[in-house]
Each structure stands twice: as C-alpha cells, then as structure tokens.
Amino acid sequence: MARRGCGATSCYTTKTKLNSFYSFLCAFITCVSLCPVLCEAGLYTASDQVIVLTPENVDSTLFNNTAALLVEFYATWCGHCIAFSPVWKSLARDIKEWKPAVDLAAIDCANESNRKVCTNFGITGYPSIKFFHAYSSIGSRGLEVRGFSRDVRGLRQYIIENLELHTEAWPPACPPLETASEAEVHHFFPANNVKYLALVFENKKSYVGREVTLDLLQYENIAVRRVLDTETNLVSRFGVTEFPSCYLYDSSGNITRLKVLKEARTFYSYALQRLPGVVRTGKHQTPITELIKNSTLQEWRPFNKSRVYMSDLESALHYSLRVELSSHTSISGDDLIALKKYINVLAKYFPGRPSVKSALQAVDSWLQSQKGTEIKYSDFRDVLDNVVQTSDAVLPEGVQWVGCQGSQARYRGYPCAVWTLFHVLTVQAKEMGSTVSEPQEVLLAMRGYVSSFFGCRPCATHFEAMAAESMDQVNSLSGAVIWLWSRHNRVNNRLAGDLSEDPHFPKIQWPSPELCPSCHGVTIIGDHNWIKDEVPQFLQNYFSSSRILNDYLQDETQALIQQRNRLTAARMEKEAGRGADRRARDIFDNNPADEPQEEEEEEEEEEPTFEEQAVEPYPAGLEGAPGADQAPWEKPQPLSSQRKPKIVGMKLREAQEDIVDLDYFVSQHYKAKALRAAAMSGVVRRRSLQKKEDVEDLQFEGGWRVKRDLGSQEENFGIEPYPRAQSKHWMSLLSVGFSRLDVSLCVLLYLLSTMCLLAMYMYFKLRIKLRSAKVSLP
Ligand SMILES: Cc1cc2nc3c(=O)[nH]c(=O)nc-3n(C[C@H](O)[C@H](O)[C@H](O)COP(=O)(O)OP(=O)(O)OC[C@H]3O[C@@H](n4cnc5c(N)ncnc54)[C@H](O)[C@@H]3O)c2cc1C
C-alpha cells in the first residue's frame with residue numbers, strides 16, 4: 001500500500017532527503033578520512049622517529065619524562081623550517097639508539113590547534129629549538145638553543161653537552177658519560193654484571209666515547225666508558241698508542257684492541273653491537289646450532305651471507321604471483337596497469353632459469369594482449385601455470401628461503417626476498433643498459449606492485465611516501481640502483497630494534513664494513529660517510545646475475561612434469577566433458593536444453609572438488625606442519641591458490657558412470673607415453689646444462705629422478721581414476737582396450753549361448769527318451 005501511494009513528488013522528496021543524507025555522510029567520511037592527513041600535514045610523521053606534539057600529548061611528553069627531549073617549534077609555511085627538516089630527520093635517524101636517554105620532538109605552530117602551546121612556550125620565530133632535561137617539571141619552558149648548528153654532528157654534540165649538564169640526580173635511563181678513572185676500571189667487574197667493558201681512549205675534545213656509549217645504550221652484556229689520554233696509568237696498562245682507539249676488557253681480565261676498519265664512532269658501535277653475547281635488550285638469540293637441532297622448526301639451510309640465492313628469488317615470484325595476487329579475484333584499473341608493468345619488468349630482467357623466464361614471458365605477452373579493462377585472476381593463473389599450452393615454461397611451486405631464512409618462521413622470508421628481487425632487477429636493468437629506455441622503469445614497477453598488491457599495507461604506505469618524495473628525480477639506471485639501496489637503508493634504520501627484526505639478522509646500514517670495507521669512509525671531522533664510487537660498484541657486483549647461487553633450487557624437471565600433468569588433465573577433463581555431452585545428446589536426442597548445462601558444468605569445474613579441499617598438500621618446499629607462529633607467507637596457501645591436477649575431478653565422475661570411455665582411455669594411454677618422453681627429454685636438457693665433470697653423477701641422479709617422477713606421474717594418471725591392476729593386466733595387454741560393457745556383454749552372450757546349447761541338448765535328449773518309450777509300448 002505504502003508503495004502504491006508513493007507518487008513522483010514523494011519519491012523525489014525521499015531522494016532529496018537521501019541525497020542530503022548521503023552528502024552529510026560523504027562530508028563526514030571525507031572529514032574523518034582527511035583528519036589524520038591534516039593532523040600529519042606538518043613536516044614530520046611518527047615514522048621519521050620524531051614525536052609529533054599536539055595539545056593532547058605535549059604535557060605527558062615534555063614533563064616528568066625519563067628521557068630528555070629536544071623539541072623543534074616550526075611553521076609549515078616557513079622556508080627555513082622546510083630546509084631544516086631533512087637535518088632534523090637525519091638527526092632522528094642518527095640518534096635513534098639513544099632513545100631511552102634522549103628523544104626528538106616537533107610541533108607545527110602554523111597549525112591553529114597548536115598555537116596556544118607554542119605561545120605558552122614563548123615561541124615567536126621559526127624554527128626554534130628547546131631542550132628539556134629528563135624529569136622536567138610541569139610548566140617548565142625548556143632551555144632555548146640559540147644559534148643552533150644546522151648539521152647533524154653539531155646538534156648531536158649539543159645534546160651530549162646538555163645531557164652532561166643535568167644537575168639533579170642522574171636519570172637512570174642515561175648511561176654515565178663522564179670519563180673513567182683507573183680506580184673505576186679496576187673495580188668495574190665486581191660491581192657490574194656484564195661481559196665486556198669497552199674503553200674508548202680519546203682526547204678531551206672528542207665526542208666519540210660518549211657517542212658510542214649512547215649507541216650501545218640498548219644493548220646488554222656490555223658497558224662503554226671513555227678514558228682520556230691524560231689517564232697515563234690506564235694508557236700504559238692497556239698499551240694505547242692511538243687516540244681514539246677502543247679496547248675490550250673482559251671479566252677474566254683479558255685486554256684486546258677492538259679491530260675496526262676505521263677508528264670512528266660508527267665502526268666502534270657496529271663492532272661492539274656484534275660481539276658474541278652482546279644482544280639488544282629483550283632480543284635473546286637462540287644459537288644457530290640449536291636452531292639446526294630443533295626439529296619443530298624448518299631445517300636450517302646453511303648459506304653464504306655475501307651471496308644472493310636464486311631460490312629466494314623464485315620463491316618470491318611464487319609467493320607474489322600465486323599467493324599474494326590470488327587475493328584479487330579480478331584485477332582492473334590502476335592495479336591492472338601495475339600488474340602489467342611488474343610482469344613486463346620481470347619478463348625483461350628476471351635473471352632466472354630459461355624455463356622460469358619463459359613462464360614470465362608467456363604471462364607478459366598474454367597480459368599485454370589483454371585489451372579489456374579487467375582480467376580474472378584465474379585466467380592469469382592458468383597462463384602462469386601453463387595449463388593452456390604445452391611448452392617448457394615453468395615457475396616451480398612453493399617457497400624455499402635460503403639467504404632470506406629467518407631464525408623463526410615469522411621472521412624474514414617473503415619481504416626480504418621482495419627487496420632482494422627488486423635490487424637484482426635494478427642491477428639487471430643497468431647491466432642491460434642499452435635496451436632500457438626508462439631509467440625509472442624498475443622502480444615504477446616496484447612502486448606500482450607494492451602500492452596495489454603488497455600485503456603489508458603500512459609498508460606500502462611508507463614506501464609510497466618515500467617514492468612520492470624523490471623517485472621522480474632518478475634520471476639514470478645507476479641512479480635507480482642507488483635510490484633503492486638508500487631507501488632500503490632508510491627502512492632498515494626505521495625498523496632497527498623493531499619487533500619484526502630477527503635477532504640473528506639485525507637491521508643495519510647495509511652493506512656492513514665486513515661485507516664491503518671500501519664502501520665505508522670517515523669525513524675529516526670523524527663522521528661516517530659512504531664512499532660514492534665504491535657503493536655502486538659493490539651493488540653492481542653483489543646483485544649481478546652472474547653471482548647468483550643456484551643452491552637449494554627446486555627441481556625443474558619435477559615442476560615441468562607436474563605442470564604437464566596439469567595441462568593434460570585439463571585437456572582430458574575438457575574432452576571427457578565433451579564425451580559426456582555427446583553421450584547425453586545421444587540419449588536425450590539432441591535436446592537443446594543441454595547447451596546451457598554444458599556451460600554450467602564448465603563453470604563448476606573451477607570450484608575445488610571435495611577431494612581437493614580435503615587432501616590439499618602442504619606447499620612444496622615447506623617442511624613441517626603449519627604452525628601458529630608462522631608468518632603469513634610461510635602458511636599453507638589458500639585452497640583457491642593451489643591447483644591440483646584436475647584428474648581428481650575425473651575420479652569423482654568415474655564413480656557416477658561405470659563406463660570406461662574408450663577415447664579417454666586411449667588418450668590417457670598415449671599421453672602417459674608422451675609425458676614419459678617429455679620427462680626423459682627434460683632430464684637430457686638438464687644434463688646438457690651441467691658442467692662436463694658433473695655429467696656422470698647427474699646421469700645417475702637424473703635416471704633415479706625420472707623413475708621417481710614417472711612413479712608419481714602414473715599415480716596421478718592411469719592409476720588414480722582406474723585401478724592399477726585392471727589397466728596393466730588385461731586392458732593394456734590388448735593395447736586398444738575394451739569397455740567393461742563390451743566384456744560383460746561378451747560373457748553374457750557366452751553364458752546365454754551355453755545355456756541355450758544345454759537347453760537344446762536336454763530337450764532333444766528328453767524327446768528321444770519319450771520316443772523310445774512310445775515304441776516300446778504294446
Ligand atoms: C617495499 C617494502 C617496504 C617495507 N616496509 C616496512 C615497514 O614499513 N615496516 C616493517 O615492519 N617492515 C617493512 N618491510 C619489511 C622489512 O623491510 C624487511 O623486509 C623485513 O623485516 C625482513 O627483514 P630482513 O632482515 O630479512 O632484511 P631486509 O631489509 O628485508 O633485506 C633483505 C636483504 O637485502 C639486503 N639488504 C639490506 N639492506 C639493503 C640495502 N639498503 N640495499 C640493498 N640490499 C640490502 C640484505 O642482504 C638483506 O638480507 C618492507 C618490505 C618491503 C619490501
């Protein structure tokens with residue numbers, strides 16, 4: 001009734017009301033979604049390691065804090081503040097390890113809601129900097145820093161000087177910064193429960209000792225003190241000849257000089273943080289030997305830290321293309337553009353095995369030929385898995401981390417391999433320089449992929465922010481290699497000490513001095529710097545395709561056989577579908593209603609069968625059952641993303657119709673033979689790729705593998721749908737094969753004819769008997 005009464009006007013009114021409601025909703029949503037943007041519209045965000053002050057958090061941050069604070073008061077519109085902001089961010093990164101003792105903060109005085117705070121602190125010009133000692137009392141206005149240095153080193157030293165000026169009780173979060181005397185060193189171990197005492201011998205003006213002390217603040221089992229060159233007794237006792245230099249003194253009284261590439265802060269801190277037994281607070285390491293023994297974890301694969309492993313790269317491809325992408329059932333718009341660029345870059349520069357490159361190239365040409373605005377992931381997957389054509393293209397399934405192994409399943413793995421993959425691609429693009437038209441090509445592909453598909457969304461946001469900031473300034477292929485290296489180091493800096501950091505693989509400014517000694521230098525004033533000519537050379541060499549190791553790679557032949565099983569099964573399924581339709585048409589005399597049924601049946605086949613769901617195998621390459629502590633990329637793949645040979649579907653169909661389709665049987669028989677031949681040729685091809693001296697070993701290994709592969713292939717083929725004994729003994733004996741119906745009819749006819757003969761024999765025998773009885777009657 002109400003519906004009938006709804007005239008045009010009332011409908012219009014309702015619509016208008018709805019419109020205004022939607023407008024309100026829209027405005028509300030826009031407001032809510034923009035709020036965080038507006039709030040963070042200043043020059044800094046929390047990811048810069050800078051506390052962003054607001055009226056709500058200012059008191060709790062500045063007053064009664066266990067750490068001292070250096071605060072910048074700025075205005076977003078002020079050019080000097082904008083120019084100074086990179087220094088402030090660098091400083092925040094540089095003294096990140098000092099956090100328990102001192103922190104950096106910033107407040108945007110141009111933001112109206114912050115005005116009152118800035119006025120209360122007496123700010124009249126920008127940028128202004130104030131120092132707040134630890135435990136500053138409520139209402140304190142801080143110490144104004146006049147004529148402050150505009151470089152990181154000057155600001156760092158200013159902080160140290162002000163920490164030392166702390167007048168009240170020394171804040172427990174801050175380590176002692178004064179010089180050590182002979183008596184203190186002598187009585188150190190009885191009073192302190194640590195493994196090492198590191199002594200930095202230096203002159204009075206040097207800050208190195210105090211900087212290293214603060215750098216080691218978050219590490220256990222070690223204490224650092226500075227000793228002045230004027231402390232002659234200690235200098236002679238330790239045999240010090242150079243200033244600065246660092247000596248290790250342990251609880252057993254041993255004295256050793258710390259071996260470093262250069263006598264400077266960064267080198268001391270790096271070396272001390274990596275001493276045996278020295279751990280970041282709260283990050284206790286399980287010794288690698290125990291990891292190896294521990295059967296609940298995956299088997300540990302020993303690897304060389306100075307090399308890249310193809311297994312990591314292929315695993316990254318598998319995870320990215322078969323797992324990460326599979327969460328998008330259809331891909332369109334910007335995502336499709338991003339996918340096309342990503343695959344195109346992979347097809348061009350992935351320095352993999354020929355079969356993997358072919359698989360990527362097949363997907364690339366298919367993708368480029370897709371002119372629509374949307375693709376289905378299932379179609380993409382079919383091309384990737386080579387289920388639409390026969391070729392030697394294959395991307396092995398499963399993940400097998402090597403250089404990207406974590407000490408626990410939740411660490412490293414996929415994100416490590418994503419970084420490695422893109423470093424390799426930028427270097428490969430540089431190696432192929434002449435054919436590359438766009439210097440940012442690989443970086444843009446990475447940006448698009450990360451933005452559209454990378455599962456870690458906060459990571460994607462951070463990466464996008466870095467890309468938006470400076471990626472467009474990259475104007476050469478070597479610039480692209482360096483850009484990615486330096487941004488990766490920025491991420492490393494941000495994440496050092498984070499929960500996601502593997503204690504066995506601490507985040508460092510990479511490459512370490514051990515990995516590339518010539519990459520590290522020291523400025524005249526003693527600060528660390530990267531040697532501009534050495535770093536590109538090192539990256540070019542480290543990520544070069546010629547140095548990638550193939551250890552632990554998954555067997556290509558096995559992967560090809562699996563893939564061909566899948567291809568053949570898909571074809572047979574189609575053929576069987578057609579055969580069944582033909583029979584159905586015969587029975588129902590070409591009923592036109594069958595046509596849509598055919599389509600329905602084909603669609604149904606896309607769904608995983610019950611058996612697929614029930615007996616889905618654990619992804620190849622992963623050992624052990626999936627555990628709760630596994631990272632997402634270590635967990636079994638979603639069922640939809642794992643394909644079993646469609647032969648499983650055939651098995652179910654067999655139970656419904658108890659007829660052996662002769663066409664199907666013959667095709668199966670010959671395809672099995674073809675596959676056997678393919679397996680052999682695969683082995684031959686594999687062998688031809690090996691060095692001469694390895695050939696004999698491989699022939700044996702190859703032969704064994706083929707045998708094993710064929711076994712599994714047979715299981716997938718003739719055997720599963722039809723019992724092994726039947727097909728081997730009487731069906732295959734005749735080579736062409738007869739249907740069960742044929743055989744049953746034969747037997748039936750034979751029985752019938754025997755019965756007939758018997759009946760005739762009985763009849764005639766009875767007749768003869770009756771006749772002879774008649775004759776004998778009188
Ligand atoms: C695009 C992207 C953004 C990310 N953002 C975040 C984030 O915001 N928050 C978060 O928690 N995690 C983030 N991650 C994950 C994080 O960066 C690490 O990948 C993860 O913690 C695993 O660390 P890892 O120790 O294996 O070393 P990774 O940092 O993954 O490095 C992998 C390997 O690359 C080499 N390497 C290290 N540094 C460099 C460098 N500067 N240049 C060249 N090679 C180098 C080393 O051999 C190292 O083992 C991101 C990952 C990616 C791919």
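In listed order, ligands and their atoms are each counted from 1. Computed from a predicted structure; not experimentally measured.
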Between Arg353 and Glu314, does a salt bridge (Lys or Arg N to Asp or Glu O under 4.0 Å) hold up when you go through it step by step? CA-CA 10 Å; Arg353 297 185 269 183; Glu314 283 190 4; 2.7 Å; yes
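- The six-membered or imidazole ring of Trp485 lies near that of Trp530, with a centre-to-centre distance under 6.0 Å.
- Residue contacts with ligand 1, taken as heavy atom pairs separated by less than 4.0 Å, involve Leu495 solely via side-chain atoms from C-beta onward.
- Among all non-hydrogen protein atoms, the one lying nearest atom 14 (N) of ligand 1 is Cys459 SG, 3.6 Å.
- When each atom of ligand 1 is checked for a heavy atom of Val491 under 4.0 Å away, the hits are 17 (O).
- Of all the listed residues (Glu501, Gln405, Lys507), Lys507 holds the heavy atom that lies closest to atom 20 (C) of ligand 1.
- Protein heavy atom in closest approach to atom 15 (C) of ligand 1: Pro415 CB, 3.8 Å.
- What sits closest to atom 46 (C) of ligand 1 on the protein, heavy atoms only, is Trp510 NE1, 3.5 Å.
- Here Phe453 and Tyr342 keep their ring centres 6.0 angstrom or further from each other.
- Residue Asp502 places every heavy atom at 4.0 Å or more from ligand 1.
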Using the rule given for side-chain hydrogen bond (donor to acceptor under 3.5 Å, both in side chains), can you reason through Tyr44 versus Glu72, listing the C-alpha separation, both sets of side-chain angles and the distance that settles it, and then say yes or no? CA-CA 11 Å; Tyr44 308 101; Glu72 184 201 350; 2.6 Å; yes
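- With a 4.0 Å cut-off on non-hydrogen atoms, Val418 touches ligand 1 through its side chain and not its backbone.
- Within the cation-pi definition used here (under 6.0 Å to the ring centroid, within 45° of the axis), Arg274 qualifies as a partner of Tyr270.
- Distance from atom 24 (P) of ligand 1 to its nearest protein heavy atom, with residue and atom name: Arg412 NE, 3.6 Å.
- When the options Asn550, Val424, Asp551 are evaluated for a side chain to side chain contact (heavy atoms under 4.5 Å, CB included) with Met310, the one that passes is Asn550.
- At least one heavy atom of Ser500 sits closer than 4.0 Å to an atom of ligand 1.
- Nearest-residue assignment for atom 29 (O) of ligand 1 (options His488, Gln509, Lys305; heavy-atom criterion): His488.
- Heavy atoms of other residues, nucleotides or ligands lying less than 6.0 angstrom from CG of Asp334 number 12 at most.
- Applying the 6.0 Å contact sphere to CD of Gln537 captures no more than 12 heavy atoms from other residues, nucleotides or ligands.
- When only non-hydrogen protein atoms are considered, atom 38 (N) of ligand 1 lies nearest to Asn492 ND2, 2.9 Å.
- Contact between Tyr411 and Leu499 at its shortest, heavy atoms only, is CE2-O, 3.8 Å.
- Of the candidates Phe538, Phe454, Trp419, Trp419 brings a heavy atom nearest to atom 19 (O) of ligand 1.
- The residue from Phe543, Trp485, Tyr542 that puts a heavy atom closest to atom 41 (N) of ligand 1 is Trp485.
- Side chains of Pro511 and Phe538 form a contact here, defined as non-hydrogen atoms less than 4.5 Å apart.
- With hydrogens left out, the protein atom closest to atom 32 (C) of ligand 1 is Cys416 SG, 3.4 Å, a heavy atom.
- Counting protein heavy atoms only, atom 1 (C) of ligand 1 is closest to Phe463 CD1, 3.7 Å.
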